[in-house]
J.: 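Could you have a look at this structure, given as C-alpha cells, before my questions?
Numbering of residues begins at 1 and proceeds along the displayed sequence.
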Amino acid sequence: MRVTVLVENQPIGGIQAAHGLSLYVELPGRRLLFDVGPDETLFANAQALGVDLAAVDTVIISHGHYDHGGALETFLQLNHQAKVYIQRQAFQLHESRTLPPYRNIGLNPSLMTHPQVTLLDGDHTIDDTLSLFTVPDASLCPSTANSNLYENGAPDRFLHEQNLLIRGDTPVLLMGCSHTGVVNILRAAPTLPNVCIGGLHLYSPARNETVPTSLMDEIAAHLAAYPEMRIYTGHCTGIDACEYLSRKLPHLRYLHGGESLTL
C-alpha cells in the first residue's frame, strides 16, 4: 500500500498549500481518494506528483465540510467511473458560527443525486479490504475546537463523519478531521490499526486557537497505550498541537502535503 498526501496545509516539495486534506491510496487493483480537499489545489498537486485522477475508482468523503469535499463537483467532471461513498447527513447545512454572519462550510447538496454518489446511513463494508465506520459515542476527550461548528442550526454531533479501515497485513486507519475524537475512533474501529493517518482537530482556524494543553495531555495519555501504532497527523491538528503531542508520543509525527508512505 502506498499513501500520498495530495492536499494538506503544510506541503513540501513545491506543491500548493490549502486548508484541507486529500490522500491518494494505491492498493492492489484499486486507486482510492480519501477526501478531495477544498478546491482546484487537488488537480494542480495531482499533476505535479504524477497522479492520474481519472484512473481513481473509489472516493471516500470523510464528512460534510468543504475542506474535505469542496473539490468533489469538479472531480466528477473529470472522472466518470469512481464510486463516491459519503454519509447522507454530510449534505445537511454545516456552518461555522464564530461570529455573525455565520459561514456555510458545507457541501453542494445537488451532488446527493449524482449517479456516482452512494449515500450511506452509518457503517458500510465496501469489500473484504475496505470498511467505513462512524462513531456514535464521542464522549471521551471532546475537542473544544468543535464548539463553533453547527449542523442545521444545532451543535454538530458529527454523525456525518466516517473513517476508513483498510485491512491487510498492516491495517491502516484513515481519518479526515477526527471531530468525534481519535480516542473514540480507535475504540470504535472494527480492527485496531497498525497505522493511523489523519487530522485530530486540535486547532480552530476560525479562532486561530489551539485546544488547551490539558486536553492534549489527556489525549496523549490514551494514545500512549498504543506504543506500536504509527500515527501520522496534520491539517486540523495544527503545528503547535502536533509538536506538543510528538514530544509526548515518539510514534506520532506530522505528515506534510507531497509526502508518500509505503506501508
Side-chain angles (χ1 to χ4, degrees), residues 1-8 20-37 42 51 53 56-65 67-72 75 79 82-90 107 116-138 158-201 226 229-237 255 259-263:
M1 182 192 316
R2 185 173 174 84
V3 180
T4 301
V5 186
L6 294 183
V7 179
E8 206 276 321
L21 186 67
S22 179
L23 305 174
Y24 174 64
V25 183
E26 299 169 85
L27 294 161
R30 189 182 292 276
R31 298 292 180 266
L32 181 148
L33 277 183
F34 185 83
D35 288 337
V36 295
L42 171 70
V51 173
L53 294 177
V56 168
D57 54 73
T58 305
V59 177
I60 310 299
I61 302 298
S62 64
H63 62 295
H65 291 169
D67 50 331
H68 295 257
L72 181 58
F75 172 83
N79 181 305
K83 289 187 176 181
V84 180
Y85 297 90
I86 185 168
Q87 293 293 316
R88 187 182 307 273
Q89 283 189 230
L107 307 180
Q116 289 171 247
V117 171
T118 298
L119 298 176
L120 304 177
D121 296 294
D123 298 356
H124 179 77
T125 299
I126 297 175
D127 58 25
D128 291 342
T129 302
L130 305 177
S131 296
L132 296 165
F133 66 96
T134 58
V135 181
D137 181 2
F158 303 105
L159 298 179
H160 57 100
E161 184 176 71
Q162 60 185 357
N163 310 279
L164 175 64
L165 178 67
I166 305 175
R167 290 183 170 87
D169 293 338
T170 302
V172 175
L173 173 63
L174 302 185
M175 310 173 298
C177 271
S178 305
H179 287 290
T180 54
V182 63
V183 176
N184 301 302
I185 292 170
L186 289 172
R187 290 174 71 207
T191 299
L192 192 65
N194 295 112
V195 179
C196 190
I197 303 172
L200 304 183
H201 202 65
Y226 310 104
M229 183 186 297
R230 287 174 284 166
I231 303 173
Y232 299 94
T233 190
H235 175 44
C236 55
T237 304
L255 186 64
E259 284 195 76
S260 291
L261 301 172
T262 299
L263 305 169

J.: For a quick test of reading the model, state the closest non-hydrogen atom pair linking Pro136 to Leu159 and the distance between them.
T.: CA-CD2, 4.2 Å
J.: Tell me whether Asn194 contacts the main-chain N or O of Thr170 through its side chain, where contact means a donor paired with an acceptor under 3.5 Å.
T.: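 No, Asn194 side chain to Thr170 backbone: no donor-acceptor pair under 3.5 Å.
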J.: Just verifying a value: how many Å separate Thr262 OG1 and Arg2 CZ, rounded to the nearest 0.5 Å?
T.: 4.0 Å
J.: Using side-chain heavy atoms (C-beta onward) and a distance below 4.5 Å, is Phe75 in contact with Leu33?
T.: yes
J.: For the residue pair Val7 and Leu21, establish whether any side-chain heavy-atom pair is separated by less than 4.5 Å.
T.: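 Not in contact.
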J.: Taking the side chain as every heavy atom from C-beta outward, state whether His179 and Cys236 have any atom pair closer than 4.5 Å.
T.: no
J.: Does some side-chain heavy atom of Val182 sit less than 4.5 Å from a side-chain heavy atom of Leu200?
T.: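 They are in contact (side-chain heavy atoms under 4.5 Å apart), so the answer is yes.
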J.: Quick check: closest heavy atoms across Gly198 and Thr237, and the distance to 0.1 Å?
T.: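 In this case the closest contact between Gly198 and Thr237 is O-OG1, 4.4 Å.
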J.: Are Ile60 and Gln162 packed together at the side-chain level, in the sense that at least one heavy-atom pair is separated by less than 4.5 angstrom?
T.: yes
J.: Which value, rounded to the nearest 0.5 Å, describes the distance between Arg187 atom CZ and Asp137 atom CG?
T.: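 The CZ atom of Arg187 sits 5.5 Å away from the CG atom of Asp137.
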J.: Considering only heavy atoms from C-beta outward, does the side chain of Arg30 approach that of Thr58 to under 4.5 Å?
T.: yes
J.: Measure across His124 and Tyr85 and return the closest heavy-atom pair with its distance rounded to 0.1 Å.
T.: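 Answer, listing the atom of His124 first, then Tyr85: NE2-CE2, 3.8 Å.
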J.: If you round to the nearest 0.5 Å, how far is CG of Leu255 from CD1 of Ile231?
T.: 13.0 Å
J.: Are the side chain of Glu8 and the backbone of Gly20 linked by a donor-acceptor contact shorter than 3.5 Å?
T.: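 Answer holds: no.
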J.: Would Val36 and Leu42 count as a side chain to side chain contact (heavy atoms under 4.5 Å, CB included) here? Give the steps.
T.: CA-CA 6 Å; Val36 295; Leu42 171 70; 3.9 Å; yes
J.: Closest approach of Pro190 and Phe133, non-hydrogen atoms and distance?
T.: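 In this case the closest contact between Pro190 and Phe133 is CD-CD2, 3.6 Å.
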J.: Carefully, step by step, assess Met229 and Leu173 under the rule side chain to side chain contact (heavy atoms under 4.5 Å, CB included).
T.: CA-CA 11 Å; Met229 183 186 297; Leu173 173 63; over 6 Å; no
J.: Would you compute the distance between atom CG of Leu119 and atom CD1 of Ile86 and round it to the nearest 0.5 angstrom?
T.: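 So the gap between those two atoms works out to 7.5 Å.
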J.: Let me confirm one number: the CG-CG distance from Leu120 to Leu132, rounded to the nearest 0.5 Å.
T.: 6.5 Å
J.: If you measure from CD1 on Ile185 to OG1 on Thr180, what distance do you get to the nearest 0.5 Å?
T.: 3.5 Å
J.: Before giving the answer on side chain to side chain contact (heavy atoms under 4.5 Å, CB included), spell out for Leu263 and Arg230 the whole-Å C-alpha distance, their side-chain angles and the decisive distance to 0.1 Å.
T.: CA-CA 11 Å; Leu263 305 169; Arg230 287 174 284 166; 3.9 Å; yes
J.: Taking the side chain as everything from C-beta on, heavy atoms only, tell me whether Tyr232 gets closer than 4.5 Å to Val3.
T.: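 Answer no - side chains too far apart.
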J.: Asp128 vs Arg167, test: side chain to side chain contact (heavy atoms under 4.5 Å, CB included). Steps then yes/no.
T.: CA-CA 8 Å; Asp128 291 342; Arg167 290 183 170 87; over 6 Å; no
J.: Look at the aromatic rings of His68 and His63 and report parallel, tilted or perpendicular, splitting at 30° and 60°.
T.: tilted
J.: Apply the ring pair (Phe, Tyr, Trp, His ring centres under 6.0 Å) test between His65 and each candidate in His160, His235, His201; give the one that qualifies.
T.: His160
J.: When Leu32 is tested against each of Val59, Leu130, Thr129, Val56 for side chain to side chain contact (heavy atoms under 4.5 Å, CB included), which residue passes?
T.: Leu130
J.: Using a cut-off of 6.0 Å, state whether more than 12 heavy atoms not belonging to Asp127 lie near its atom CG.
T.: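 Result for CG/Asp127: enclosed.
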J.: Got Ser131 and Thr125 here, is their nearest side-chain heavy-atom distance under 4.5 Å?
T.: yes
J.: As a quick check of understanding, evaluate side-chain hydrogen bond (donor to acceptor under 3.5 Å, both in side chains) for Asp35 and Ser62, giving each step before the final call.
T.: CA-CA 6 Å; Asp35 288 337; Ser62 64; 2.8 Å; yes
